[in-house]
Amino acid sequence: MSHDAQVYVRSQTEFEYIKQKRKKDMRNQVTTFAIMIFLTLIAFTTVAAGFSVYLIVPVILLLAAIQVVLQLYYFMHMSEKNHQVAAFFLYSACLIAFTFILTFLTIIWWG
Amino acid sequence: MSSIAKKKGFGATLWDYLTTVDHKKIAILYLAAGSLFFVIGGIEAMLIRIQLAQPDNDFVSAGLFNEIITMHGTTMIFLAAMPILFGFMNAVMPLQIGARDVAFPFLNALGFWLFLFGGIFLNLSWFMGGAPDAGWTSYASLSLASPGHGIDFYALGLQISGAGTYIGGINFLVTIINMRAPGMTYMRMPLFTWTTFVASALILFAFPPLTIGLFFLIFDRMFGGNFFDHTMGGNTIIWEHLFWIFGHPEVYILILPAFGIFSEIFALFSRKRLFGYSSMVFATVLIGFLGFMVWAHHMFTVGLGPTANAIFAVATMAIAVPTGMKIFNWLLTIWGGSIKVTTPMLYALGFIPSFVAGGVTGIMQAAAPLDYQLHDSYFIVAHFHYVIVGGVVLAILAAVHLYWPLMFNQMLNETLGKWTFWFFFIGFHCTFFIQHFLGLMGMPRRVFTFGANQGWDTFNLISSAGAALMAIGVIILVINIIITVVKNVPVGNDPWEDGRTLEWAIPQPVPFYNFKQTPLVRGLDTFWIEKQEGNKEGMTYAEPVSDIHMPNNSFIPFVMTIGLFIAAFGALYNGEKDWAIPVLVLGLAITLGSMAVRSIKDDHGFHIHKEDLMNDEGGK
C-alpha cells in the first residue's frame, strides 16, 4: 500500500444503492440459471423422445447458441458497462471463425 | 530500492537479464536474439545465392539446399523479423502510451524465453541429424514423407516459439487497452502503438490455427495420427488451409508494425503532423480485417474451383485500397514538410517505391488466371522479398537507427548508417528485381541448380552479386554498432530534436520505472504540443509524485521454458528411444511444477517510495 493512499468510506445512500443493485443482479443470475436448465431439459427431451435427426440437430444447435449468449451476457458480465472492447474482439473472432467454417464446408468437405 | 546505476559484474548482469521482467530489458533481449537469428538466416541466404550463382553448381547438395531454404524462410519469419519487431514494440510502445510497464511483466519474460528456446530447438536440428527440408510452408504431403527428424524439429520448435509470440501478443493488447495514460484516447495513440495493437489482434486470431496445424503434424509424425494422410481417411489440403489461415495474417503481423515505424519516421523528419491520421488508423484496422479473408490466394492452383478462386481474388485486390491510402498519406506527410534526410528517413524514402513495387506484383498474383503462370516461380520469390525486405527489413533497419538512442542512450553514426542504407538498398534491388524476370523466363522456385543452356546464368549471377552488396551493408551496420557501443557517448533525450511522441520526452537513460509521474496527454503528438507551448520539462503531469508499485524479477519464466524444451526432445524421439516418454513427462512436470509455484507463491512486488523518487534526478 502507498503511504498516502486514501481509504474510501461508503455513505449510507451508496450502500443502499449497491445493496439493491446486488439483489437485482442475483435475481437475474438465478433466472438465467433456471432458463438454462430448462433449455437443457428440452435438449435432452428431444433426444429421448426419438424425434427425427433432422429436427434434433438444428434444435440443439439453436439452444446451444442461446445458452452461449446467456452465459456470456449474464454469467460473464458482458451485459455490464465497459465491455465494448471485449465484445468487439468476441464478435470479430466469430466473424472470422464463421468465414473459416464456411470455406471449409464449401470447398473442402462438400465440394 | 534506489534506481542509481551501480557497476555490476558479469554474473550479476547475466542473472539480471535471466530474471528480468522490465519491458526495456526484454526489448534488448528480443533485439539481440532476433539479430542473432537474422545473421543465421542471412548466412543461409548467402549460401543459397552462392549455390545459384553458377549453372550446374555443386557447392551444396540438393538435400542440403532444401534444408537451407527451409531454414532460411522459417528463421527469417519466425525467429528474426517478428522478434526484432517485438523488441521495438516492447521498447517503445509502453513509453508512447505513458505506461510504467506492460500489463503482465512476468508473461512478457515468459514470451521471450519461449521464443528463444523454440528457436534454439529448431536450429539444433542442424547438429542432430538434419534440418527440416519441406519448405517453410511444410506442406503435409511432402513433410509427412520427409525422413529423419527435420520436420519434427520444425513442428515442435515452432510450437514452443509460437506460444511465446501468442503470449506477447495478448500482453500488448491488454497493455494498450488498459494502461494508456490519462488523456491518451484511442484516437490520440501514435501510429506505432496503433499498428502494434492491430498486429497483436492478428496474432490473437492467427496463431491458434497454426497451433492446431502443428499439433496435427506432431501427432501424424510422432504419435501415429492420420490427420493429413489420405490413405487413412485424412486430408492433406487441410494443412494448407490451416497454414495459410495463419500464414496470410502473419505477413500483416510483420508489415503493420513496419508501417507504424515508417509513419513515425515520416512525421518526425518532415516535422509535420502525420497526414490523414484517422484514415491511417482506419486503413490499419481494415487491413487487419481483410487479412483474414484472403488466405486461399496462396492456393489458387490447388483446384479450389473457379468460384472460390474468384471470391478470394476479389478479396485480395480489395486490400490494395487501404494500403494505397497509406502510401498517399505518407507522400502527403512529406509534401511541404521541412524534411531532414537522416538515416531513418532515408530508409523510409527508399521504402515507398520498393514496397509499391512489391504491392503491384501482389495484385498481379491476385488475378487467379495469371497466378497459374506465376505460381511457384521466381516471380513469387521476387514478390515476397520485395514486400518483406522492402517493407519489413527496411523498417527494422530504420528502427535500429531511430530507436537506438532511446534504448541505449547512444547515437549510431549517421555517415556509416547512410553507407549501410545505400549498400543494402542497391543490393536489395539488384538481388530481387531481376528475379521477376527469372520467374517469367520459367525458373521454378526452390530448385537447387539449373542448366547452363537455360539462359538463366547471367541474371542469377547478378542476383548473387546483389546479395553480396546486402551482406556488406549489414557488416557496416555491425561495425557501426560496435564503434558506437565502445565509444559510449550519452546523447540525452530527444536526440533527433524533433521528437513528437511521448517516448522522446522521457529523461535518458530511461528510469526503470519509466515515468516518475504519469503524464497527462493533451492531444496527438503529445511531446510536440508541450514543446510548442514552451514547456521545458516536455510533459504535463496527471498526478503528484507518489509511491510506484513495481514487479519483482523472476527466474520462473526461464525454468518453465526449459521444461518445455526438455519435453520437446521426449516427443521428438517418441517410439524410437526408451527414454523418450520419461523425458517428455519430466519436461512437462518441470513446466507444470513451475506454473504451480507461480500460482501458489504470493509475489506482491515492491514499492519505490516517494522520498526516493524525490531524491532521484531520474538520470537527467
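So that the names make sense, note that chain A is the first sequence line, chain B the second, and so on, each numbered from 1. What you see below is based on every heavy atom in this structure, not just the backbone, and it leaves out hydrogens, waters and symmetry mates.
Across every non-hydrogen atom of Phe100(A) and Phe292(B), the tightest pair is CE2-O, 3.8 Å. Residues Thr99(A) and Trp295(B) share a closest heavy-atom pair of O-CH2, 4.3 Å.
Listed in order of number, the residues of residues 31-44 of chain A that approach chain B to under 4.5 Å between heavy atoms amount to none.
Only the side chain of Phe104(A) has a heavy atom closer than 4.5 Å to any heavy atom of chain B. Of the atoms belonging to Ala201(B), heavy atoms from both backbone and side chain fall under 4.5 Å from chain A. The part of Leu204(B) that comes within reach of chain A is its side chain, from C-beta onward, which places non-hydrogen atoms under 4.5 angstrom from that chain.
Within 6.0 Å of the CE atom in Met232(B), the count of heavy atoms belonging to other residues, nucleotides or ligands does not exceed 12. Atom OH of Tyr372(B) has more than 12 neighbouring heavy atoms from other residues, nucleotides or ligands inside a 6.0 Å radius. Atom OH of Tyr74(A) has 12 or fewer neighbouring heavy atoms from other residues, nucleotides or ligands inside a 6.0 Å radius. At most 12 heavy atoms of other shown residues, nucleotides or ligands fall within 6.0 angstrom of atom NE2 in His230(B). Taking a 6.0 Å sphere around CZ of Phe215(B), one finds it holds 12 or fewer heavy atoms contributed by other residues, nucleotides or ligands. The number of heavy-atom neighbours closer than 6.0 Å to OH of Tyr186(B), taken from other residues, nucleotides and ligands shown, is above 12. A 6.0 Å sphere centred on CZ of Phe15(A) holds no more than 12 heavy atoms belonging to other residues, nucleotides or ligands.
Here the NE2-CD1 distance, from His241(B) to Ile107(A), works out to 4.5 Å after rounding to the nearest 0.5 Å. One finds the CD1 atom of Ile177(B) at 10.0 Å from the CZ atom of Phe88(A) (value rounded to the nearest 0.5 Å).
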Between side-chain atoms of residues 303-316 of chain B and protein atoms elsewhere (two or more places apart, or another chain), which donor-acceptor pairs fall under 3.5 Å?
unit_1	atom_1	unit_2	atom_2	d
Asn309(B)	ND2	Phe300(B)	O	3.2
Thr316(B)	OG1	His297(B)	ND1	2.8
Thr316(B)	OG1	Phe312(B)	O	2.5

